[in-house]
Amino acid sequence: MGHELFLVADIRIASAETRFAQDENTHGRFPGGGSTVRFPREAGWGNAMRYMLTGDRWGAEEARSMGLVQEIASNPRTALELGLDMATRIARCGPLGIRATLASARNAVDQWEGRAFSNLGEQYRALYGTEDFLEGRKAEAEGRQPVFRGR
């Protein structure tokens with residue numbers, strides 16, 4: 001279940017010593033927690049099938065080469081610190097912009113790329129009138145950090 005939860009994340013960080021597995025087939029089961037959908041989408045069909053069908057394990061470097069991991073830290077503590085630092089940087093961004101970015105990217109992956117492109121203008125226009133958008137532009141012009149309120 002750990003790998004299936006890992007695949008739900010938007011950004012993934014692993015310790016260099018991490019070992020991944022989708023070994024349900026070696027136990028007469030199948031990966032029923034979402035990996036049969038997410039793993040091929042994220043890592044490509046051949047990579048996902050290679051591990052799901054054999055039950056073989058793989059490490060952080062293999063995960064990065066498949067696009068499953070964006071950062072590898074030297075140890076678990078450093079991985080946690082890196083994750084917290086990244087989360088802090090994301091939290092400093094405008095929440096409405098983050099929400100729109102995630103929605104647009106998910107549309108492209110989960111629906112149809114053409115539909116996602118056609119929604120971009122509407123999504124951007126929805127942000128134009130928000131307090132956060134105006135604050136971001138004003139802070140940029142004044143050379144200071146913006147103070148976002150999620151409105």
Side-chain angles (χ1 to χ4, degrees), residues 1-24 31-48 50-52 56-113 115-151:
M1 196 64 191
H3 182 245
E4 290 173 329
L5 291 172
F6 192 72
L7 289 172
V8 174
D10 294 315
I11 301 168
R12 301 177 198 108
I13 300 167
S15 170
E17 62 212 44
T18 301
R19 301 296 296 161
F20 296 95
Q22 277 304 160
D23 61 356
E24 289 86 349
S35 286
T36 56
V37 177
R38 291 182 186 97
F39 198 7
R41 180 181 68 202
E42 298 290 323
W45 181 267
N47 290 325
R50 184 252 187 270
Y51 292 107
M52 284 195 292
D56 290 347
R57 296 178 185 278
W58 68 98
E61 285 297 333
E62 291 93 344
R64 181 168 39 197
S65 74
M66 290 186 278
L68 296 174
V69 170
Q70 287 68 54
E71 297 283 342
I72 298 176
S74 58
N75 58 60
R77 182 179 186 88
T78 304
L80 177 60
E81 290 168 358
L82 182 58
L84 291 171
D85 177 65
M86 194 172 296
T88 299
R89 287 184 284 144
I90 293 168
R92 275 185 271 195
C93 296
L96 300 177
I98 293 291
R99 193 174 308 137
T101 298
L102 287 168
S104 179
R106 285 187 182 121
N107 278 341
V109 171
D110 296 339
Q111 295 179 19
W112 174 56
E113 190 177 274
R115 185 175 190 180
F117 274 118
S118 70
N119 289 339
L120 289 176
E122 178 184 327
Q123 290 169 319
Y124 201 71
R125 279 190 301 279
L127 286 177
Y128 266 129
T130 67
E131 290 177 30
D132 279 0
F133 181 86
L134 297 173
E135 167 61 11
R137 298 305 308 243
K138 184 177 178 184
E140 184 178 25
E142 295 172 356
R144 62 175 174 81
Q145 290 294 316
V147 178
F148 296 115
R149 306 212 187 289
R151 300 186 284 236

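Computed over heavy atoms, backbone and side chain alike; hydrogens, waters and symmetry mates excluded. None of these values were measured; they are calculated from a predicted model.
Rounding to the nearest 0.5 angstrom, the gap separating the CZ atom in F133 from the CG atom in L96 is 11.5 Å. Atoms CZ and OG1, from R99 and T101 in turn, are 11.0 Å apart once rounded to the nearest 0.5 Å. Rounded to the nearest 0.5 angstrom, R64 CZ and I13 CD1 are separated by 11.5 Å. Between R151 atom CZ and L134 atom CG the span is 12.5 Å, to the nearest 0.5 Å. Considering CG of N107 and CG of L102, their distance stands at 11.0 Å, rounded to 0.5 Å. The distance from atom OG of S74 to atom CG of L82, rounded to the nearest 0.5 Å, is 10.0 Å.
Nearest heavy-atom pair across S15 and I72 is C-CG2, 4.2 Å. Nearest heavy atoms, S35 versus P40: O-CD, 3.2 Å. Shortest non-hydrogen contact noted between A79 and A14 is CB-C, 4.3 Å.
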What's the verdict on side chain to side chain contact (heavy atoms under 4.5 Å, CB included) for M86 and E71, showing C-alpha distance, side-chain angles and the deciding distance? CA-CA 11 Å; M86 194 172 296; E71 297 283 342; 4.0 Å; yes
Could you walk me through whether D10 and R106 satisfy the side chain to side chain contact (heavy atoms under 4.5 Å, CB included) test, starting with their C-alpha distance in whole Å, then the side-chain angles of each, then the deciding distance to 0.1 Å, before giving a yes or no? CA-CA 10 Å; D10 294 315; R106 285 187 182 121; 3.1 Å; yes
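W58 has its side chain within reach of L68: a pair of non-hydrogen atoms, C-beta onward, lies under 4.5 Å apart. Side-chain contact between V69 and F20 is present, with at least one heavy-atom pair separated by less than 4.5 Å. Between H3 and Y51, every side-chain heavy-atom pair lies at or beyond the 4.5 Å cut-off. Within the 4.5 Å cutoff, side-chain heavy atoms of I90 are placed close to those of I11. At a threshold of 4.5 Å between non-hydrogen side-chain atoms, the residues E4 and Q22 count as touching.
Formation of a donor-acceptor pair under 3.5 Å by the S104 side chain with backbone atoms of A100 is not found in this model. For the pair E135 (side chain) and V147 (backbone), a donor-acceptor distance under 3.5 Å is present.
Surrounding CD of Q145 are at most 12 heavy atoms belonging to other residues, nucleotides or ligands under 6.0 Å away. In R144, the CZ atom is crowded: over 12 heavy atoms of neighbouring residues, nucleotides or ligands sit closer than 6.0 Å. Within a 6.0 Å radius of CZ in R149, other residues, nucleotides and ligands contribute 12 heavy atoms or fewer. Crowding of R19 atom CZ: a count of heavy atoms from other residues, nucleotides or ligands under 6.0 Å exceeding 12.
Under a 4.0 Å N-O distance rule, the pair R12/E42 qualifies as a salt bridge. Between E140 and R137, at least one side-chain nitrogen of the basic residue sits less than 4.0 Å from a carboxylate oxygen of the acidic one, meeting the salt-bridge criterion. Under the 4.0 Å criterion applied to side-chain N and carboxylate O atoms, K138 and E131 are not assigned as salt-bridge partners.
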